[in-house]
Student: 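One structure, as structure tokens, below. Some questions next.
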Amino acid sequence: DCTSTTPDYDAIVVGAGLSGIYAVHRLQQRGFTVRAFERGSGVGGTWFWNRYPGLQCDTETLSYSFTFSDELYRGWNWSRRFAPQSELMAYANYMTDALGVRDAIQLNTAVLGAHFDDDANLWRVDLDTGQSVTGRYFVAASGPLSTTNSPTIAGLDTFEGTVLHTAQWPFEPVDFTGKKVGVVGTGSSGAQLITALAGTVDKLVVFQRTPQYVTPAQQRPLGEEEVRERKDNLDDLRALMRSSSHGAPGTGTDRSAFDDTPEERDRVFQAAWEFGAQAFALATYNDLTSNEEANGFAADFVRRKIAEIVDDPETARKLMPTYLFGTKRPIKVDDYYETFNRPNVQLVALREEPFVSATTTGIRTTAADYDLDYLIFATGFDAMTGTLFEMDIRGRDGLTLRDKWENGVYVRTALGVAMHEFPNMFLVQGPQSTTIMNNYTLGIEINMDFIAGLLERARAEGNELIEATAQSEVEWAELCQTLAERTLLLKTESWWTGANIAGKPRPKLFQSYTGGLKQYRLALERAQADGYREFERTPVQTAVLA
Ligand code: NA7
């Protein structure tokens with residue numbers, strides 16, 4: 001006597017960044033009706049919001065492209081080794097149109113909440129437009145880095161200059177010519193912004209909390225020949241990407257740092273420094289982030305470079321990182337250390353002279369007053385769980401995701417894509433997938449192809465209610481933690497360890513799968529081949545109302 005209530009859509013997708021765009025496509029292609037909601041006024045996600053000067057994607061365009069379609073890969077031309085923001089946005093729009101998914105995406109619409117209805121067995125999704133829609137499936141493609149971290153500084157509201165955040169950049173270009181600009185934060189965003197602004201501004205004050213290991217990206221325009229070559233050998237490229245540790249060529253090596261003499265090691269590090277991209281971190285030696293002594297070889301090499309490059313010994317000292325190399329995300333930016341030789345660039349080491357307050361005219365530290373027209377936060381994101389917690393997501397019996405994951409302390413997912421007690425909810429590039437060791441475009445494909453396959457299988461069985469088993473998420477979370485414990489990553493505080501947000505409890509289970517993208521893909525392929533045993537499937541039934 002069971003009847004099913006028909007939802008508005010088969011699937012509701014949150015976000016129209018690259019993961020949302022691909023999610024809509026993959027689900028539509030398998031015959032599901034889909035609606036995506038995007039809070040921005042355009043598609044592109046990360047590339048839509050992060051429009052700061054100097055932005056470029058630090059994964060090479062060679063592999064930072066979807067590869068599921070030869071035609072679409074060949075139909076797009078990147079101009080440079082690393083894509084600038086405008087090209088990344090154009091690419092997101094190209095994919096949206098080429099895949100014909102634009103009509104399925106509702107822009108300017110934020111998802112406020114999503115509640116699983118235990119009786120109707122569907123998701124009720126509340127939007128900031130006042131609308132409410134229902135879907136059988138709820139797919140969070142909301143991005144691991146999309147809720148900003150904006151630290152508070154006492155008196156900031158009295159500052160008469162302009163406050164900006166790299167990930168909430170104004171739509172109109174900002175003219176920094178002749179201005180005094182302060183940048184807080186020296187992660188990937190800060191490092192790119194600092195090198196881009198230094199030549200324009202009158203004065204640049206860099207407020208650095210933790211010094212970083214920065215190796216050159218070696219940006220350059222692409223030649224016609226190399227573009228043709230990569231397009232002609234797409235099968236090889238795809239195979240290389242799928243069998244590499246980070247989903248891109250040149251990420252991974254079998255060699256240990258102890259295979260070489262100190263002189264040979266320096267030659268290897270120097271060659272990687274000159275090659276650029278992720279070569280230094282990922283293609284020199286395989287034990288840099290598992291063995292402290294090996295780690296020290298790479299760290300020392302970068303510190304020697306800093307001493308060589310930076311003229312002022314005091315500035316060089318402040319720029320020297322002391323934490324373990326590669327335990328924060330490696331930064332690939334050209335001319336970073338060189339920038340501190342410019343007479344208009346000043347480095348402030350916040351651990352030596354912390355902020356006291358903002359003033360009407362700038363920033364006061366314990367050592368000095370800095371006059372500023374602009375204060376720019378390049379302070380990163382409430383990563384991984386931040387955006388998911390911001391939405392009011394509730395599974396069975398009204399259980400909130402925040403409670404389920406105990407405020408982020410115990411994040412558990414089945415294979416990084418779903419949670420027990422949250423039936424028919426799926427994650428694309430969510431916690432415990434490969435977000436910290438990913439070429440995102442391939443990571444998205446691998447995640448979404450698995451999810452679409454599972455949905456298709458369940459539909460064919462007549463079992464449209466899909467729920468990860470409790471056991472599968474416990475096992476996967478334990479695996480993620482065990483793998484992380486074999487690395488040095490837990491020894492450093494960063495968004496990788498979930499330790500970058502003031503007041504947010506530190507996770508006790510690692511929030512990313514660090515076995516590499518190839519092993520992750522193989523784990524998903526095994527799950528598929530074994531009949532998706534991690535997921536209990538039942539027919540959709542709805543309670544008969546008395
Ligand atoms: P990141 O990598 O999280 O970097 C944030 C930077 O901001 C980093 O230097 C932080 O110093 C600094 N920070 C954060 N909070 C503060 C406060 N309260 N005071 C001073 N400095 C602070 O963010 P990005 O946007 O650069 O990059 C994010 C990811 O995007 C990146 O990893 C790539 O995957 C792409 P800390 O090191 O915490 O001491």
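For ligands, and for the atoms within them, numbers begin at 1 and follow the listed sequence.
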Student: Taking only residues two or more places apart in sequence, or in another chain, which ones meet F37 in a ring pair (Phe, Tyr, Trp, His ring centres under 6.0 Å)?
Tutor: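 Checked F37 against ring pair (Phe, Tyr, Trp, His ring centres under 6.0 Å); zero matches.
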Student: Do F450 and Y520 have their ring centres less than 6.0 Å from each other?
Tutor: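 Ring-ring flag for F450/Y520: false, centres at least 6.0 Å apart.
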Student: Who's touching ligand 1 if we go heavy atoms under 4.0 Å?
Tutor: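 Only L145, N149, P151, V184, G185, T186, G187, S188, S189, R209, T210, Q212, K328, R329, L350, R351, A378, T379, G380, F381, W495 have heavy atoms that fall under 4.0 Å of ligand 1, ordered by chain and number.
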Student: Closer than 3.5 angstrom, by distance alone: can the side chain of N341 be matched with the main-chain N or O of I309 as a donor-acceptor pair?
Tutor: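 Looks like yes, one N/O pair under 3.5 Å.
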Student: Parallel under 30°, tilted from 30 to 60°, perpendicular over 60°: which one fits the rings of Y336 and F340?
Tutor: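 Y336 and F340: perpendicular rings.
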Student: Flag yes if more than 12 heavy atoms outside R364 fall under 6.0 Å of its CZ atom; otherwise flag no.
Tutor: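 Not more than 12 within 6.0 Å, no.
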Student: Can you say whether the rings of W78 and Y91 are parallel (under 30°), tilted (30 to 60°) or perpendicular (over 60°)?
Tutor: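 Tilted.
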